[in-house]
Amino acid sequence: MTGSAPPLISLRGVSLTLDGKPVLQDVSFDVAQGETKVILGGSGSGKTTILRLVLGLFKPDRGSITVGGKDIGRLSDRQLAPIRRNMAMVFQSAALFDSLSVRENVGYRLWEEGRLPDAEVEEIVRQSLQFVGLEEVIDKMPGELSGGMRKRVGIARALASGAPLLLYDEPTAGLDPVNAFAIGHLILQLKAKGVTQVVVTHDLDLAFRVADHLVMIQRGCMVFTGSPLELAGKQDAEIRGFLDPSSLPAEDWNTLPSRLSQ
Ligand SMILES: Nc1ncnc2c1ncn2[C@@H]1O[C@H](COP(=O)(O)OP(=O)(O)OP(=O)(O)O)[C@@H](O)[C@H]1O
Ligand SMILES: [Mg+2]
């Protein structure tokens, strides 16, 4: 028997309604150990909500979510704590603490946990910043950094936590092509190191570059799951419309956002 490892994350028939609005409907996918999974979809399609569910910040109305084999929908915040320690999130807005230096931001979780001596935390902080090419900003405040630098500091912070599972929410949003390319490169390097990654994005270049598998969400529903090659070959009009809006008839262009996004 080959006995492949069980998935690290598994969503089965997940539905969620928020404020009376169905936000996700019957979403099912697995993330294998070491896999880079991209969740692709337009604005408001439910991508961030999926990450919040995986972090246990929302509970599904229907279906189940297991992380490391544990059904997190049934766990209290206290029971979730050790599972959350295995995950680190790179936020859509970088979400650095403005009143803390880059060093303090990157080492925040390790200092707060208090399990390692200061000198060791400092070393991890330096290594994490070095990995993202920003060791020289260690003493700066977030307000002194560009958007691209802030995003990379956010990745360094996630790395410093040592979590084996990284979740990214729109890691290239608002970045120029060079910075976006650098973020994609970091994700690929982490993939090569065996880190499991879930990347939420509507950046097609990034999605096709880093994904082992993709899930595509439209208005809360899963419309595709498979490899980048399979996605590229899809002829379904809604999927084609998202991947290449200009391929649709010009008389539809004004109404595309309400049909394919939100
Ligand atoms: N806490 C909440 N309460 C009510 N509705 C919410 C809440 N969070 C999200 N929603 C709604 O759920 C839908 C999906 O939101 P979500 O943030 O997951 O989308 P997204 O795909 O991440 O979009 P974007 O690309 O703009 O970040 C949206 O219609 C949003 O208004
Ligand atoms: Mg979002």
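In this text, all values refer to a predicted model and were calculated from it rather than measured experimentally. Just so you know, these numbers use all the heavy atoms, side chains as well, and skip hydrogens, waters and symmetry mates. Each ligand, and each atom within it, is numbered from 1 in the order the structure gives.
- In terms of N/O distances under 3.5 Å, ligand 1 is approached by G46.
- Put simply, T49 stays out of reach of the Mg ion (ligand 2), with no N, O or S atom under 2.8 Å from it.
- Note: M89 CE to L57 CG = 8.0 Å, rounded to the nearest 0.5 Å.
- Put simply, M141 and I138 are part of two different groups of oily side chains (I, L, V, M, F, W, Y) that touch within less than 4.5 Å, one to the next.
- Summarising the contacts of atom 24 (P) of ligand 1 with P22, G20, G44, the nearest heavy atom is found in G44.
- Residue E170 approaches ligand 1 through these ligand atoms, each under 4.0 Å from one of its heavy atoms: 25 (O).
- At a 4.0 Å cut-off, not a single heavy atom of G41 sits close enough to ligand 1 to count as contact.
- Taking hydrophobic clusters as Ile, Leu, Val, Met, Phe, Trp and Tyr residues chained together by side-chain heavy-atom distances below 4.5 Å, L110 does not share a cluster with F97.
- Every atom of ligand 1 with a heavy atom of H202 under 4.0 Å away is listed here by number and element: 25 (O).
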I'd like a table of donor-acceptor pairs (distance under 3.5 Å, sequence neighbours excluded) in which one partner is a side-chain atom from residues 161-175, with atom names and distances.
residue: S161; atom: OG; partner: A158; partner atom: O; Å: 2.5
residue: S161; atom: OG; partner: A163; partner atom: N; Å: 3.2
residue: Y168; atom: OH; partner: Q197; partner atom: OE1; Å: 2.6
residue: D169; atom: OD1; partner: T48; partner atom: OG1; Å: 3.3
residue: D169; atom: OD2; partner: T48; partner atom: OG1; Å: 2.8
residue: E170; atom: OE1; partner: H202; partner atom: N; Å: 3.4
residue: E170; atom: OE2; partner: H202; partner atom: NE2; Å: 3.3
residue: T172; atom: OG1; partner: D203; partner atom: OD2; Å: 2.6

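- No single ILVMFWY cluster, assembled from side-chain heavy atoms under 4.5 Å apart, contains both I183 and F181.
- Of the listed options K21, R52, R219, K47, K47 places a heavy atom closest to atom 25 (O) of ligand 1.
- Contact atoms of ligand 1 toward D19: 3 (N), 4 (C) (distance under 4.0 Å to a heavy atom of the residue).
- A salt bridge links R84 and D77; the closest N-O separation between the charged side-chain nitrogens and carboxylate oxygens is under 4.0 Å.
- Ligand 1 is never approached by G220 to a heavy-atom distance shorter than 4.0 Å.
- With hydrogens and angles ignored, the 3.5 Å screen pairs no side-chain donor or acceptor of T17 with any backbone N or O of G20.
- Both the backbone and the side chain of T48 come within contact range of ligand 1, each with a heavy atom under 4.0 Å.
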